[in-house]
Amino acid sequence: MDGGPVAVGVGRAAVVALLSCLLVALPLHCAGQTNLKSPQDLQVYVVNTNFTLRWNYTGNDTNVTFSAEYQLLEGFETNDAEWKELPGCQNVTRTECDFSSAITEYYDRHHVRIRAERREEVSPWSSIFEMTPYFIAQIGPPGIELQSTNGVIKIKVSPPEANQVRKMWIAHVRFKYNLVIWENSSNAEFRSQSIFPTDIIDGLAPETTYCLKVQATLPLDFQEGLFSPTRCVKTTRKVNDLFCATNVSVLALNMKFHLHWKNQYKQHVIYNVQYLLGYLKKLHDDYSVKWQNVPGCENITETQCNFSSIITSTAGFYYLRVQAVNEYKKSCLSNDVKVDPLIANEIGPPGVKLDISDVLLHIQITPPGGSESEVMRDHYGLSYRVLYWKNSSNNEEEIKMKEIKQTIGTVSDLTPSTLYCVKVQAFSEAYNKSSHFSREECIKTPGDKVLPLIILATFVTALIAVLLVATPVVFALYQAYNKIKYVFFPSCQPPLNIEGFGEQLFSSPYMSTTEEPIENCCIIETVITEEVNQIDFKDYKHSKQSSRDSGNYSNDDDTSGSKVSEETLEKEIV
């Protein structure tokens, strides 16, 4: 029992001695340390789908190799993703490696790291390089094919990755191509231009060697690719056919399009105007068989044609050319002319109509092309520049201007009895286009209405004053008239015994007793003056008899009264 602890202590001492020997033999390796340095300055170069990893190594060690690992971070993953060996970058002896076969996800983030190795000895990992392949990739060089014919160079461009199964750039139609061309001489001048996948380079000197290269770009992504290898070709001499259409041009006004060209041939020539939808030239397919004839412009002899019928959209563009056929059935094609409708079109002058009120000049504007031209109104966003002035003998009258967006405008602060003139110009800020001014339209303002208003006001005031004064006067006259009528023309009918007295002033021979009732009256006075003697009694009786015969007095009481008065009168006369 007492020898146990001693044996254990001896065993531990032996183990410690063994470990010490190992540490002496391999002091660094056994202690977990190394002389190898980590690689630095990691960079990943991507051209199309070709990936190359490059780095720097400053160590002086020999027989050193390098191995790399990568992480694929999908979505919002962080560094928890698993590290994997990077194929193509294991135990490489150079400071670069190709790992194109390892990357298949071009829109996800990747982490890459690398270390140095020498047998069992390894360096610490380098710093991590993070990348998203699509955003660091560079567009590769396109392929080109050249053909020299009839003084021009026909070029056909193949997109990058044309022959590859795996593609970084999926939408080839988005590529635009820049061409750089120059004469193969010591003092060459470089010329750059944009071309289509299938295009013609003209304007070249005949029998001259030209060199060129092409670059593919993605303008929307601000990416420029590598240029293709330089190719050179010699031009030929151009054959001039006199019956070919030359100087082909487009004239367009208010969305009415006309194609014009010239003809130097004196013999009979027939023309066909052909068009091509612009987007077809962006494709890498052969569009030569997709040209179509413009309706109404087939087999014509004139040197102009209206092709407005084919402009069905303002969003794209068109190409036009003229095919000429001579009397020998030989044909010749003119150069293509590009037509972008909204850019090629010119804005015509607007229409103007004037109207005037007491204080405002009203200006009604008809948009260029007429009120039914929606293209002119909607696509150009037209505004109007209105000039107006007084048309007088004074040449120093100031021309005033105002800009409006509506088709109705007004001008205030007008001078009475003055001729105002107006002209209007339409313009589009978006397209930097403006029309000619419209015809001058003039209208005269009404005269000064202050004096007539004063006269009218004076007349109305005087009329009111007269009415105020005349009303009481008329009322007083009316009352006086009633009094006089009552006194001199009473409504009471006098009795028959004095009916004829005073030449019948108190009775009317035309009024019947039924229409005008007579009140019963009696005579109080019995004394009659001697003047009665002068009355012709017989005439009086005759007159009364006639009145009774006519029926004017049919009242019995009145008749009896008349008889008594008559007898009394006779006695007194006797």
**Request:** Could you check Val386 against Ile404 for side chain to side chain contact (heavy atoms under 4.5 Å, CB included), going step by step and ending with a plain yes or no?
**Result:** CA-CA 8 Å; Val386 180; Ile404 59 176; 4.1 Å; yes
**Request:** Please report the C-alpha distance between Phe307 and Phe257 in whole Å, then the side-chain angles of each, then the deciding distance to 0.1 Å, and finally whether the ring pair (Phe, Tyr, Trp, His ring centres under 6.0 Å) criterion is met.
**Result:** CA-CA 6 Å; Phe307 64 94; Phe257 296 86; 5.8 Å; yes
**Request:** Assess whether side chain to side chain contact (heavy atoms under 4.5 Å, CB included) is satisfied between Tyr318 and Leu276, documenting all intermediate values.
**Result:** CA-CA 6 Å; Tyr318 305 80; Leu276 178 74; over 6 Å; no
**Request:** Carefully, step by step, assess Tyr431 and Asn345 under the rule side chain to side chain donor-acceptor pair (under 3.5 Å).
**Result:** CA-CA 10 Å; Tyr431 288 87; Asn345 179 62; over 6 Å; no
**Request:** Apply side chain to side chain contact (heavy atoms under 4.5 Å, CB included) to Ile347 and Met376, showing your working.
**Result:** CA-CA 8 Å; Ile347 302 175; Met376 298 294 295; 4.0 Å; yes
**Asked** So Glu117 and Arg115, salt bridge (Lys or Arg N to Asp or Glu O under 4.0 Å) or not? Walk me through it.
**Response** CA-CA 7 Å; Glu117 300 173 342; Arg115 66 183 179 182; 3.4 Å; yes
**Pair Tyr271-Asn263, side chain to side chain donor-acceptor pair (under 3.5 Å): steps then yes or no** = CA-CA 10 Å; Tyr271 300 103; Asn263 176 23; 2.9 Å; yes
**Request:** Evaluate the side chain to side chain contact (heavy atoms under 4.5 Å, CB included) criterion for residues Thr217 and Ile139: first the C-alpha distance (whole Å), next the side-chain angles of each, then the deciding distance (0.1 Å), finally the verdict.
**Result:** CA-CA 7 Å; Thr217 65; Ile139 302 171; 5.5 Å; no
**Message:** Please determine whether side chain to side chain donor-acceptor pair (under 3.5 Å) holds for the pair Arg54 and Gln43, giving the CA-CA distance in whole Å, both sets of side-chain angles, and the decisive distance to 0.1 Å.
**Reply:** CA-CA 5 Å; Arg54 294 175 183 171; Gln43 294 292 330; over 6 Å; no
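Looking at Ser126, its side chain does come within 3.5 Å of a backbone N or O of Ile114 through a donor-acceptor pair. The backbone N or O of Val322 lies less than 3.5 Å from a partner atom in the side chain of Ser334, making a donor-acceptor pair. Checked by atom type and distance alone, the side chain of Glu69 never pairs as donor or acceptor with a backbone atom of Arg113 at under 3.5 Å. In this structure, Lys167 contributes its side chain and Glu161 its backbone to a donor-acceptor pair below 3.5 Å. Remark: side-chain polar atoms of Arg231 are paired, donor with acceptor, to backbone N or O of Ile144 under 3.5 angstrom. Looking only at distances, no side-chain donor or acceptor of Lys256 sits under 3.5 Å from a matching main-chain atom of Gly369. Side chain of Ser438 to backbone of Pro349: no donor-acceptor contact under 3.5 angstrom is found. Between the side chain of Lys433 and the backbone N or O of Ile343 there is at least one donor-acceptor pair closer than 3.5 Å. Of the possible polar contacts, none joining the Glu298 side chain to the Val273 backbone as a donor-acceptor pair under 3.5 Å is found. Here the side chain of Thr236 pairs a donor or acceptor atom with the backbone of Asn150 at under 3.5 angstrom.
With sequence neighbours excluded, the residues forming a side-chain hydrogen bond (donor to acceptor under 3.5 Å, both in side chains) with Gln164 are Thr49, listed by chain and number. Thr93 pairs by the side-chain hydrogen bond (donor to acceptor under 3.5 Å, both in side chains) definition with nothing, not counting sequence neighbours.
Aromatic pair Phe51/Phe99: ring centres closer than 6.0 Å. Aromatic pair Tyr57/Phe66: ring centres closer than 6.0 Å. For Phe129 and Trp55, the ring centers sit 6.0 Å or farther from each other.
For Asp378, the CG atom is densely surrounded, since the number of other residues' heavy atoms within 6.0 Å is greater than 12. Within 6.0 Å of CD in Glu403 there are more than 12 heavy atoms belonging to other residues, nucleotides or ligands. Within 6.0 Å of NE2 on His436 lie no more than 12 heavy atoms contributed by other residues, nucleotides or ligands.
Remark: Asn306 CG to Cys297 SG distance equals 7.0 Å, nearest 0.5 Å. Interatomic distance, OH of Tyr210 versus CG of Leu204, reported as 4.5 Å (0.5 Å rounding). Going from atom CD1 of Ile200 over to atom CD1 of Ile195 covers 12.0 Å, rounded to the nearest 0.5 Å. Atoms NZ and CG, from Lys290 and Leu283 in turn, are 6.5 Å apart once rounded to the nearest 0.5 Å. Between the NZ atom of Lys176 and the OG atom of Ser194 there is a distance of 6.5 Å, given to the nearest 0.5 Å. Expressed to the nearest 0.5 Å, how far NE2 of His284 lies from CG of Asp286 amounts to 13.0 Å.
Side-chain contact between Met255 and Pro341: present, with at least one pair of heavy atoms (C-beta onward) separated by less than 4.5 Å. At least one side-chain heavy atom of Val214 sits less than 4.5 Å from a side-chain heavy atom of Ile155. Residues Glu96 and Tyr45 are not in side-chain contact: their nearest non-hydrogen atoms beyond the backbone lie 4.5 Å or more apart. The closest side-chain heavy-atom distance from Val46 to Val44 is below 4.5 Å. In this structure, Glu105 and Tyr107 have side chains that are not in contact, with every pair of non-hydrogen atoms separated by 4.5 Å or more. Contact check for Asn272 versus Trp291: no side-chain heavy atoms found under the 4.5 Å cut-off. Annotation: side chain of Ile128 is not in contact with side chain of Gln71 (no heavy-atom distance under 4.5 Å). Within the 4.5 Å cutoff, the side chain of Leu382 has heavy atoms near those of the Tyr384 side chain.
Cation-pi check for Lys281 over Tyr319 is met; the charged atom lies under 6.0 angstrom from the ring centroid and within 45 degrees of its normal. For Lys338 and Phe317, the positive end sits near the middle of the six-membered ring, less than 6.0 Å away and at most 45° from its axis.
For Trp261 against Gln304, the heavy-atom pair with the smallest separation is CH2-N, 3.6 Å. Of all heavy-atom pairs spanning Leu333 and Gln323, the tightest one is CD2-CB, 3.6 Å. The shortest non-hydrogen separation linking Ser38 to Ser123 is CA-OG, 3.8 Å. Residues Glu121 and Leu36 come closest through the heavy atom pair O-CD1, 3.4 Å. Minimum interatomic distance between Trp182 and Val180 (heavy atoms only, all atoms of both residues): CZ3-O, 3.5 Å. Scanning all heavy atoms of the two residues, the minimum distance from Pro197 to Lys282 falls at CG-O, 3.4 Å.
Residue Phe437 is tested with Val352, Leu387, Val424 for a side-chain contact (heavy atoms from CB on, under 4.5 Å); the sole match is Leu387.
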